[in-house]
Amino acid sequence: MSQYGAILVLGGGVAGVQTALDLSELGYYVYLVEKKASVGGVMAQLDKTFPTNDCSL
Amino acid sequence: MVEAGRSPNIEILSNARLEALEGKPGQFVARVHQEPRFIDEDKCTACGMCTMYCPRPVVDTYNERLEVTRAPHIDYAQAIPSSYYIDAKACLRVNYETCNLCAQTCTAKAIDFSQKPKEHALEVGAVVLAPGFGRVDSSVLERFGYGRYPDVVTSYEFERLTCASGPTEGHIVRPSDNKTPRKIAFLQCIGSRDETCGNGYCSTVCCMYAIKEASVAKEHEPDLDISLFFMDVRTQGKGFDEARQRAQEKYGLHVIRARVPRVEQVDGMLALTWTTDDGKSHSDLFDMVVLSVGLDSPEDAQSIAELADIKLNHYDFCKTTAGAPLATTREGIYVAGAFQGPKDIPESVTQASGVAAMASELLAESRNTCTISVTYPEEDKAIEAEEPRIGVFVCHCGVNIAGTVDVKAVRDYAGSLPGVVLYEDTLYSCSQDALKSIAEKIKENRLNRVVIAACSPRTHEPLFQETLRSIGLNPALIEMANIRDQCAWVHSQEPEAATEKSKDLVRMAVAKARLLEPLAQPTVDVTPNALVIGGGAAGMTAAISIADQGYRCVLVEKGRKLGGNLSRLAWTLDGQDASSVLDSLKKKVKDHPNIHVQLESQVESISGYVGNFTTTINSKGKTKVINHGVAVLATGAREYKPSGYLYGENNRVMTQLELEEKLKRGKAFLKNARNVVMIQCVGSRGEDLKHCSRLCCSQAIKNALMIKEHSPDTNIYIFFRDIRTYGFHEDLYREAREKGIVFLRYMPDRRPEVVRRGRGIAVKGFDRLMGEDIEIPASLVVLSTGIAPGDNVELAKVIKAPLTSDGFFLEAHAKLRPVEVAVDGFYLCGLAHGPKSLDESIAQAKAAAAKAVIPLAKGKVAVAPIVSQVDQKTCIGCGICESLCPFNAIRLVKVNKRRKAQTITASCKGCGICASHCPTLAISMGGFTDQEILAQIHAFSGGKCEDEA
Amino acid sequence: MGECHYQSGNYEAMVVAETCRQTLKDIGVEPERLSLDWASAAEAPRFVELITGYVKRIKGMGALGTGEGEEAKPVIDRRLKAAVRAASARKPRTSLGTLSKGLHKGGDYTPEAIEAGVAKKVLPAIRQQRITEEVLILLKEEGAMDEGHLAEATGASGDEIQKILEGLSRRKKISQDEAGWVLMTA
Amino acid sequence: MSQEKANLKENEMTREGFDPHILGFFCHWCCYAAADSAGVSRYQYPPNVRVIRVMCTGRIDVRFVLEAFRCGADGVFTGG
């Protein structure tokens with residue numbers, strides 16, 4: 001095979017997780033590499049988000 | 001986020017770091033080092049016993065060090081991976097080989113100290129860098145008393161204080177005395193727009209979060225007096241300016257435009273001194289000061305750059321260009337999120353989808369070569385059709401349930417209920433071996449309905465459904481009774497009542513289970529091509545991306561040529577020649593075999609649903625029909641044309657784009673220009689357009705600098721309300737001030753005026769610093785008129801897509817689905833979504849292309865099984881359901897000349913509004929039928945109540 | 001996620017809840033026994049507060065029937081039975097559907113608009129149907145009854161009961177003999 | 001017909017020591033999730049509510065609510 005069908009995503013914050021989700025839906029295998037023990041990044045720490053005050057999870 | 005933990009094609013490597021990256025685009029090998037968690041993810045049931053028994057306290061970094069946890073813990077309840085882990089730095093067992101208490105208390109035997117670090121060599125075709133942002137150095141915070149005065153807190157800490165699930169349960173308290181503060185000050189631009197700490201850029205998000213935190217604080221404590229100190233109020237995001245205005249009014253927040261240089265403590269209070277732009281000095285005392293800390297580049301930016309062999313910009317963020325905002329300097333490596341530049345959640349999510357498109361373009365040929373697809377045995381319809389044979393499994397969940405609820409009593413009670421043929425208790429029903437045993441027992445006893453009395457269906461139903469599917473049963477044939485999260489855990493002081501409640505819940509679940517029916521899991525085939533509406537920068541970018549990802553697309557443009565607003569632009573905000581960006585896009589579109597361009601064409605009608613749309617376009621008077629699976633809306637917007645300011649009456653008055661077109665043609669006209677005056681927010685922010693147009697500030701300053709470059713002696717004055725050069729555009733603002741461009745703030749009630757003076761013109765305004773009226777004779781007056789929506793109303797009607805009150809298309813969710821339209825199968829990008837710069841449009845177009853290709857790449861669209869179904873015999877065609885459906889998922893059709901409602905299964909989301917409002921009870925909701933719910937109600941009564949309805 | 005996952009579901013629920021409350025009040029049940037509240041996924045403390053407060057409130061009201069007065073229980077039981085039938089019948093359901101449709105179009109979901117709309121358009125239809133059903137239940141369970149007693153038992157006005165009895169007799173559901181109105185056996 | 005009501009225990013008819021039967025209709029995405037989350041945090045609240053999960057409060061039918069009262073509910077809590 002000339003190309004690998006897997007992708008490495010470095011960082012498990014909101015951007016990394018969204019990238020991983022979209023890539024897996026697009027037909028690729030994703031390695032999501034996160035330095036902490038759980039994904040979510042800073043967004044998981046936010047209580048509510050501007051301006052709708054939705055919860056962030 | 002939960003989806004990421006569940007996808008078979010996402011492997012989460014936690015506690016891991018990239019060590020090396022070798023190879024070339026399409027064929028990289030990434031070396032990743034992973035530290036052990038010491039808790040087996042497959043065995044951990046997240047019961048929390050280990051945290052309870054661990055003797056070793058650890059500060060909780062998730063709660064901004066405001067709380068204490070123990071060495072084994074989970075960051076927060078919904079964390080993914082959803083298992084606990086041991087903080088190796090604190091653990092006594094790891095460091096001193098003592099203790100081991102947690103391993104002894106863990107009934108699931110999940111704790112495993114023999115785990116060793118792992119080295120992975122991963123073969124990947126592309127790499128996406130999304131390391132997020134770093135924190136501003138504490139030395140910057142110390143300048144504002146942080147660390148010295150306990151009541152100076154960071155915005156991160158304040159966020160946790162306002163959070164209902166945070167350490168204070170949402171009560172705002174002063175750290176020094178745990179009392180509710182009275183007066184709070186927010187100081188903006190801490191570590192942002194500050195060259196002394198090396199961060200000359202604007203962090204973009206702090207203005208928004210400060211207003212949010214202030215609003216939430218006021219909700220908790222209405223008597224708070226909150227002042228926010230801004231240099232400029234930068235709420236340029238879609239709908240943000242209006243939200244800020246509302247928050248300011250609703251909560252009575254004081255907005256002060258000043259930079260506070262330092263914080264001092266006086267008698268236990270915090271003293272602030274500041275100077276406003278009228279030159280006056282003020283001071284006041286506060287109980288608490290919140291530092292709105294900016295976003296820094298990630299701490300490991302340098303090492304990432306080295307490992308990945310990419311370049312950083314002068315602020316140590318990833319280097320990109322306006323024409324290719326998601327590409328790093330190395331092919332096959334892409335960047336998304338705050339590492340590309342400070343940005344908010346919707347922008348990050350957009351970029352994330354955008355980079356997915358970039359990788360998908362590069363690796364189109366290897367799509368689906370590494371993914372795992374799960375297959376299931378064929379459904380045993382015969383056994384499903386038999387009389388209900390119900391199996392009830394009551395879970396101990398270790399001591400989580402059994403510690404409170406008498407599980408054996410509940411199990412035996414279940415045995416007494418009609419239809420139940422098997423009743424058992426299990427230690428951990430979600431563990432792999434328990435699932436296997438449940439599957440075997442279902443088969444052995446020919447069960448065709450299953451009740452699991454355990455935890456929440458929200459988290460665990462998919463797991464048990466999976467078990468059913470794996471043995472050929474329809475996944476809808478399971479019902480859960482939530483006796484943990486909503487019973488044992490919340491009534492642990494009342495074990496008897498909890499046991500009674502558990503019995504009731506099991507009885508209700510069994511009653512529903514008796515009536516459960518298999519639900520179809522239909523899929524519809526997708527027409528594998530796309531329609532892109534609009535041929536500007538966004539539309540062309542989306543079309544190219546879809547085409548590069550391997551799918552055909554039709555690009556419909558109403559004008560006579562491609563280019564849209566980009567063709568009027570002279571330079572991008574980072575100084576590139578805009579026409580080279582335009583030409584390269586146009587060339588790619590024209591040369592691409594997968595793209596078919598329809599100029600002078602407009603959409604007349606669209607019918608169908610995601611996967612199968614039929615669109616009629618009018619092309620130069622001729623009608624054409626296009627079949628497509630998805631559509632991208634990239635219809636653009638237009639520069640607003642104001643009235644007043646002598647615009648259209650005097651040729652010395654022009655808009656920014658008109659100026660750029662003039663500059664593009666030649667600079668000679670600048671020769672005798674002594675004074676150029678620019679006026680911001682003409683149109684935007686209130687006069688005619690309610691919204692902030694986001695990019696006018698940067699565009700005006702860019703053009704002003706361009707004038708300065710060609711005519712250094714020209715004086716330039718810019719009248720503004722807030723300068724919103726967010727992100728790295730702040731560099732332009734600083735350069736402009738250094739080059740002597742004069743910035744004059746005006747208030748909306750004292751707008752500058754353009755007046756005739758003899759043969760020339762002048763601008764009358766008010767100089768706030770001098771406190772006097774001024775008049776500047778102007779060789780040129782340039783108006784930043786803002787961006788008005790295009791003619792979206794007709795198209796919105798055709799699609800049934802909602803528009804914002806400003807007339808732009810509304811996204812499905814402002815944060816999490818920023819490029820999707822509420823109508824499935826439609827995606828959104830560029831100015832049609834709202835004002836934005838070229839690089840943002842391009843990133844968004846890529847994102848829309850990624851989302852649009854998902855159904856095309858799958859080839860099938862799965863229809864959610866919980867959908868409504870209309871019994872056309874009893875339907876009277878009244879149309880109530882059709883008009884109430886939030887998703888346009890019900891239409892009226894003619895059946896034997898009579899109007900009948902029909903569910904568009906592919907669009908139905910399963911809310912059930914139609915069913916609860918049907919006059920003749922003709923609509924049934926899969927999984928939540930009237931009969932099922934009524935059976936639950938009757939079971940609730942303890943069988944004392946027969947069916948009456 | 002904060003706002004309704006289904007965009008407008010919570011608004012429709014407000015109309016349904018108001019309909020229930022007015023119906024309950026009409027049949028002599030304390031309408032505050034029904035509560036409609038909001039707690040987003042992130043608001044566990046709020047949820048706990050709501051539930052705790054609600055259970056306390058119901059405890060204060062006593063069991064269904066006691067809070068409403070000593071004699072009321074059997075009457076309430078019968079009326080609830082009739083009301084359930086009414087809520088399943090086509091006419092009242094059409095009136096609710098039509099009101100929801102109108103509110104949906106107008107986009108005005110203020111409590112005042114909902115309350116007024118239900119009072120004007122939905123409650124009368126439910127009440128009429130409920131009294132009709134109750135008459136049928138009474139005649140079935142108690143045997144023949146005259147107009148005055150039926151009016152008293154159902155809480156209907158003279159005009160209402162007269163119209164309803166006429167309607168039922170026209171549809172050959174009931175007839176009049178010397179003892180009063182009786183069910184017609186099919 | 002009123003048999004089920006006769007079954008109501010004596011002490012339930014009085015307010016002292018009265019333990020109400022309450023039926024809840026919880027929206028899957030909001031209130032049901034909040035209730036789960038309350039469990040995760042080990043909050044304590046009275047054990048009187050039995051929950052029927054619906055995908056949306058919009059699913060709740062007038063007749064469900066009335067039927068619940070008819071079937072002996074002392075209260076109905078709908079949560080979105």
Side-chain angles (χ1 to χ4, degrees), chain B residues 1-2 76-78 163-166 168-171 219-220 456 458 485-486 489-491 802 810 812-817 822 866 874 876 878-889 908-923 930 934 937 945-949, chain C residues 1-17 19-20 39-49 51-52 55 64 77-107 122 125 129 133 137:
Chain B
M1 202 115 44
V2 185
Y76 53 102
Q78 304 92 328
C163 176
S165 57
T168 58
E169 292 177 7
H171 297 296
E219 295 246 306
H220 286 288
S456 174
R458 284 176 54 254
D485 306 38
Q486 296 187 12
W489 275 349
V490 290
H491 312 311
L810 180 68
H813 188 287
K815 300 278 175 300
L816 302 173
R817 295 171 65 198
I866 299 170
T874 37
I876 50 173
C878 68
I880 288 171
C881 52
E882 187 211 20
S883 58
L884 290 182
C885 176
F887 304 99
N888 300 313
C908 177
K909 303 266 186 254
C911 65
I913 292 170
C914 53
S916 61
H917 288 75
C918 175
T920 58
L921 308 171
I923 301 180
D930 280 12
L934 289 168
I937 297 172
C945 191
E946 289 307 303
D947 191 0
E948 182 57 43
Chain C
M1 289 234 162
E3 298 156 303
C4 180
H5 188 81
Y6 296 106
Q7 302 179 14
S8 57
N10 46 7
Y11 293 123
E12 312 307 347
M14 285 161 70
V15 185
V16 166
T19 303
C20 293
S40 78
E43 297 177 310
R46 177 180 159 80
F47 167 79
V48 173
E49 242 169 69
I51 277 290
T52 311
V55 172
L64 183 69
D77 288 344
R78 187 181 64 232
R79 290 204 181 148
L80 274 168
K81 189 169 174 178
V84 171
R85 289 185 188 175
S88 310
R90 177 162 155 183
K91 252 195 201 158
R93 292 185 72 84
T94 307
S95 63
L96 171 63
T98 311
L99 172 68
S100 299
K101 194 167 149 179
L103 291 168
H104 192 87
K105 260 200 196 120
V122 188
Q129 189 74 35
E133 299 290 349
I137 294 170

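All values derive from a computational prediction rather than experimental measurement.
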Checklist entry - Excluding sequence neighbours, so at least two apart, what forms side chain to side chain contact (heavy atoms under 4.5 Å, CB included) with C/Ala17? => result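 By the side chain to side chain contact (heavy atoms under 4.5 Å, CB included) rule, C/Ala17 matches C/Arg21, C/Leu34, C/Leu36.
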Next on the checklist: List the residues meeting side chain to side chain contact (heavy atoms under 4.5 Å, CB included) with C/Ala87, not counting sequence neighbours, and say none if there are none.
Outcome noted: D/Val62, D/Arg63, D/Leu66
Next on the checklist: For C/Ala13, which atoms come within 4.5 Å of any heavy atom of chain B: side chain, backbone, both, or neither?
Outcome noted: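 Contact with chain B involves no heavy atom of C/Ala13 at all.
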Next on the checklist: Does any backbone or side-chain atom of C/Val15 lie under 4.5 Å from a heavy atom of chain B? Answer side chain, backbone, both or neither.
Outcome noted: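 Neither part, no heavy atoms under 4.5 Å.
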Next on the checklist: Checking B/Ile876 against C/Arg90 for the side-chain contact (heavy atoms from CB on, under 4.5 Å) test, could you report, in this order, the C-alpha distance in whole Å, the side-chain angles of both residues, the deciding distance, and whether it holds?
Outcome noted: CA-CA 10 Å; B/Ile876 50 173; C/Arg90 177 162 155 183; 3.7 Å; yes
Item to check | For C/Thr98 against B/Ile880, the heavy-atom pair lying closest together | outcome: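 Minimum heavy-atom separation between C/Thr98 and B/Ile880: N-CD1, 3.7 Å.
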Checklist outcome for this item: Interatomic distance, OG@C/Ser88 vs CG@B/Asp930, rounded to 0.5 Å, equals 8.5 Å
Item to check | Distance, nearest 0.5 Å, that separates CZ of C/Arg93 from SG of B/Cys878 | outcome: 10.5 Å
Item to check | When B/Cys881, B/Ser916, B/Cys918 are compared by non-hydrogen pairs under 4.5 Å with chain C, the top option | outcome: B/Cys918
